[in-house]
Amino acid sequence: MSDADTHTQPAPRDFIRDIVLEDLRAGRHSRIVTRFPPEPNGYLHIGHAKSICLNFGIAVEHAGICHLRMDDTNPTKEEVEYVESIQHDVNWLTAGWAEDRLGLKSKGALPVSQSVQGRPDFHIEAIAAAPGRTLEPFYASDYFPQFYDYAIGLIRRGSAYVCDLSPADTDAYRGAPDRPGRNSPFRDRSPEESLDLFQRMKAGEFPDGARTLRARIDMASPNVWLRDPVLYRIRHAEHHHTGNAWCIYPMYDFAHCVSDYIEGITHSICTLEFEVHRPLYDWILNKLELPRPLPHQYEFARLNLTYTVMSKRKLLQLVKERRVSGWDDPRMPTLAGLRRRGYPASALRQFCRGIGVTKYSGTTDVGLLENCVRQELNRTAPRRSAVLNPLEVILDTYPEGEGEMLDALNNPEDSAAGTRHVPFSRRLYIEREDFLENPPKKFFRLAPGQEVRLRYGYIIRCDRVEKDAEGNLLRLHCSHDPATRGGNTPDGRKIKGTIHWVSADHCVCAPVRLYDRLFTRENPEEAGDFLDCLNSDSLQTVSAHMEPALADTPPGGRVQFERLGYFFADPVDSRPGAPVFHRIVGLRDSWAKTAAS
RNA sequence: UGCCCGAUGGUGUAACGGUAGCACAACAGACUCUGGAUCUGUUUGUCAUGGUUCAAAUCCAUGUCGGGCAGCCA
């Protein structure tokens, strides 16, 4: 889908959008504010694209805004490399679609203290881009001072306490899902003592793990997340954004809901595994007795795709163990990988629109994604010819040393795309698979004594097969019908097969990387180690023979190699005049299906 | 075996008490200078059992199956 089409398509409907609609109807918000809050501990993948499309989509549909926020409360796992990659990927995916809904803030901006209904309050808002203003994403870590303030409020009200239990004891006291926990011996510590201890935790008086700040809720709750969850832990670690300013760090559950509140988020949309955290999300915000309207959390099913893995841990493992060339390896389901493979952002958006948003955790057929690329590229990609696996053809009837230029359509789907000249000569290459010495029925390509059309060329007949002493196929000798120049049949004769070709005397060679799915099993995690079903043939590099025009493919350009698939000039490895191609996806091939059966 | 959530063709989804529809896949055919594209048609579905109702995929109950939850990760 082109960007224009993305805008003109009707807005999708799903249960979350219904809630937003209803909230708007009921006048609960003057403006919708969503957020996309990745933790910068890895690269974004296509599952994140689903979330981005949802959150930014809602903002687009209601003239709202979607904050990009680094959920960076764990200094030991997060890195600047990841925050940069996340920004890049979000910009790429939203470009031409939702970039004007991207909520950022002035570089270095922090929440402001204000008074609402006579009560102190913290707030930060997205600002519009303006000349001379450098913008950056929101960072949860920018709110550490506010989190600290709010935590003190909780302690004062008796809703939180400092606990001296070790990590192991904390676990033991928590009980199990079917067994209630026990109160910590420190649960009834006075607010004054907790306050003092919490201040000293912040001051760095205690080692990692020595103490925590905990919410005082209910150790017998059937929801384990309500059994006095840890709110703060001690980590003497340098943080990518706050440096060494802090040695206590808030936990997700505390930081996330408060971040949403500070930013004025109306709808906090996350994946299903946080469903059991929602009571805690609401509990914290309620205990804080905040003056402004509270955000609400909604959960949807994360994306699962066949023949790939989506967990950051596993993707990181593939990168670390060099099973792939990096986070942007074209076989990776990361946005960086898909981009480098050649997927247009609009195709990813179209995919996300197509899969919908529900609470059912299913697995989407990767074919759906591939279909979205084909659908878009069929309309937009210029056609070219390239031969991946060459077989030489000599036209004995064609004059030696001569050649001519033939006209070829750039895109039959787009009359405005025009035509180009392709050189023709006596010596050609065709695809080896397009010739069979003993063809089965309904094989409409080249075979001894059989006719075939060279696309935009001539009708040729195979007269003789030349082999070496071992009987290996060397080349084909064919004759052409001069009356069929351009591929036409003035006599009205029907030619079933048309194959692609390049002139051996004019063609250029370029590397083509043929990618296949990374895993051989639909669900790589279902049995044992997911690495066991790594597809050893997921990358094959060939030197392809191409029509000369292909040498000028600009880096980042997408073309269709006729009858083969859609290809992308890799922006990283291509050089001027020397492109390196990636197969994005093959064309549908109904012959392959019948041939197989 | 505690709590939460879910279940519609092979896959993903729609139907918001009133005709089970769409996309992908599959199959068949038409058309075609890409065995591409396009077009037409076909196959396949409401987890089960009860209940409420004139009427249930939809509401209720029970069961079955699936997912999630016991980090000082997010």
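Lettering follows sequence order; numbering is per chain, from 1.
Taking atom OH on Y298(A) and atom C1' on rC5(B), their separation rounds to 17 Å, with Å as the unit. One atom, CZ of R302(A), and another, C1' of rG67(B), lie 12 Å apart when rounded to the nearest Å. The nearest whole Å value for the distance from the CG atom in L280(A) to the C1' atom in rC72(B) is 15 Å. L369(A) has its CG atom 14 Å from the C1' atom of rU11(B), to the nearest Å. If you measure from atom CZ of R233(A) to atom P of rC73(B), you get 5 Å, rounded to the nearest angstrom. Atom pair L226(A):CG and rG2(B):C1' shows a separation of 14 Å (rounding to whole Å applied). Across the protein-nucleic acid pair, R227(A) atom CZ and rC72(B) atom P stand 13 Å apart, rounded to whole Å. Per the geometry, CG belonging to D71(A) stands 14 Å off P belonging to rC73(B), to the nearest Å.
A side-chain donor-acceptor contact under 3.5 Å links N74(A) and T76(A). Of the N and O atoms on the side chains of R35(A) and S268(A), at least one donor lies less than 3.5 Å from an acceptor on the other residue. No side-chain donor from either of S85(A) and D89(A) sits under 3.5 Å from a side-chain acceptor of the other. With hydrogens and angles left out, the side-chain atoms of Q9(A) and R353(A) include a donor and acceptor closer than 3.5 Å. There is a side-chain donor-acceptor pair under 3.5 Å between N410(A) and R384(A). Side chain to side chain, Q297(A) and Y281(A) fail the donor-acceptor criterion of an N or O pair below 3.5 Å. Between the side chains of E81(A) and Y43(A), at least one donor-acceptor pair of N or O atoms lies under 3.5 Å.
Spacing of C1' atoms, rU64(B) relative to rC47(B), comes out at 7 Å, to the nearest Å. The C1' atoms of rC65(B) and rU46(B) are separated by 16 Å, rounded to the nearest whole Å. Rounded to the nearest Å, the gap between the P atom of rA56(B) and that of rU1(B) is 32 Å. Nucleotides rU52(B) and rU13(B) place their P atoms 33 Å apart, quoted to the nearest Å. Between rG50(B) and rU11(B), the two P atoms lie 26 Å apart (nearest whole Å). Spacing of C1' atoms, rA57(B) relative to rA20(B), comes out at 8 Å, to the nearest Å. Taking the P atom of each, rG10(B) and rA48(B) are spaced 13 Å apart, rounded to whole Å. If you take atom P in rG18(B) and the same atom in rG41(B), they sit 27 Å apart, rounded to whole Å.
Electrostatic pairing of D18(A) and R13(A) counts as a salt bridge here, judged by a charged N lying under 4.0 Å from a carboxylate O. Salt-bridge formation is detected for the pair D481(A)/R493(A): a Lys NZ or Arg NE/NH1/NH2 atom is positioned less than 4.0 Å from an Asp or Glu carboxylate oxygen. In summary, D589(A) and R563(A) do not engage in a salt bridge, as defined by a charged side-chain N under 4.0 Å from a carboxylate O. The pair R445(A)-E433(A) fails the salt-bridge criterion, with no side-chain N (NZ, NE, NH1 or NH2) lying under 4.0 Å from an Asp/Glu carboxylate O. Salt bridge annotation for R69(A)-D260(A): present, with a cationic side-chain nitrogen under 4.0 angstrom from a carboxylate oxygen.
Partners of N41(A) under the side chain to side chain contact (heavy atoms under 4.5 Å, CB included) rule, at least two apart in sequence or in another chain, are E39(A), K77(A), E78(A), K312(A). Here Y298(A) pairs with H267(A) under the ring-ring contact (aromatic ring centres under 6.0 Å, His included) rule; sequence neighbours left out. Residues passing the ring-ring contact (aromatic ring centres under 6.0 Å, His included) test with Y252(A) are H256(A), F274(A), sequence neighbours excluded. Not a single salt bridge (Lys or Arg N to Asp or Glu O under 4.0 Å) links D72(A) to another residue, sequence neighbours left out. Scanning for side chain to side chain contact (heavy atoms under 4.5 Å, CB included) contacts around D365(A) gives T306(A), with sequence neighbours left out.
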Review item, nucleotides 36-40 of chain B N/O atoms under 3.5 Å of protein N/O:
unit_1, atom_1, unit_2, atom_2, d
rG36(B), OP1, S590(A), OG, 3.1
rG36(B), N2, E413(A), OE2, 2.8
rA37(B), OP1, R588(A), NH1, 3.3
rA37(B), O2', N378(A), ND2, 3.3
rA37(B), O2', E413(A), OE1, 3.0
rA37(B), O2', E413(A), OE2, 3.0

What does the list of N/O pairs under 3.5 Å between the protein and nucleotides 12-15 of chain B look like, with a distance for each?
unit_1, atom_1, unit_2, atom_2, d
rG12(B), OP1, T363(A), N, 3.1
rG12(B), O2', I355(A), O, 3.0
rU13(B), OP1, T358(A), OG1, 2.9

Could you list the protein-to-nucleotides 68-70 of chain B atom pairs, N/O on both sides, closer than 3.5 Å?
unit_1, atom_1, unit_2, atom_2, d
rC69(B), O2', W225(A), NE1, 2.7
rA70(B), O2', R174(A), NE, 3.1

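Scanning RNA chain B for stems, defined as runs of 3 or more consecutive Watson-Crick or G-U wobble pairs whose donor-acceptor distances all fall under 3.5 Å, gives the following ranges: B:2-7 with B:64-69, B:10-13 with B:21-24, B:26-30 with B:38-42, B:47-51 with B:59-63.
A cation-pi geometry, defined here as NZ or CZ lying under 6.0 Å from the six-membered ring centre and within 45° of its normal, holds between R517(A) and Y307(A).
With rC72(B), rA25(B), rG2(B) as the choices, the nucleotide that has an atom nearest any side-chain atom of N371(A) turns out to be rA25(B). For T498(A), the side-chain atoms get nearest to rG35(B) when compared with the rest of rG35(B), rG6(B), rC72(B).
When each of E547(A), R455(A), E562(A), E431(A) is checked for a side-chain hydrogen bond (donor to acceptor under 3.5 Å, both in side chains) with H500(A), only E431(A) meets the rule.
Nucleic acid contact class of E275(A) (heavy atoms, under 4.0 Å, all strands): sugar-phosphate only. L165(A) comes within contact range of at least one nucleobase, with a heavy-atom separation under 4.0 Å. Using a 4.0 Å heavy-atom distance criterion, N41(A) is classed as making no nucleic acid contact. Residue contacts for F443(A): at a heavy-atom cut-off of 4.0 Å it reaches a base atom on one of the strands shown. No contact: T594(A) has no heavy atom under 4.0 Å from any strand.
Residues from residues 451-458 of chain A lying near RNA chain B, meaning a heavy-atom separation below 4.0 Å, are R453(A), R455(A), Y456(A) in numerical order.
Every pair tested for ring-ring contact (aromatic ring centres under 6.0 Å, His included) that includes a residue from residues 347-387 of chain A fails, sequence neighbours excluded, so the list is empty.
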Protein-proximity profile, nucleotides 27-32 of chain B, B/S/- by nucleotide at the 4.0 Å heavy-atom cutoff, equals S-----

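Between T212(A) and P167(A), every side-chain heavy-atom pair lies at or beyond the 4.5 Å cut-off.
Residue R278(A) has no polar side-chain atom (N or O) positioned under 4.0 Å from OP1 or OP2 of rC5(B). S385(A) has no side-chain polar atom (N or O) that falls below the 4.0 Å cut-off from OP1 or OP2 of rU34(B).
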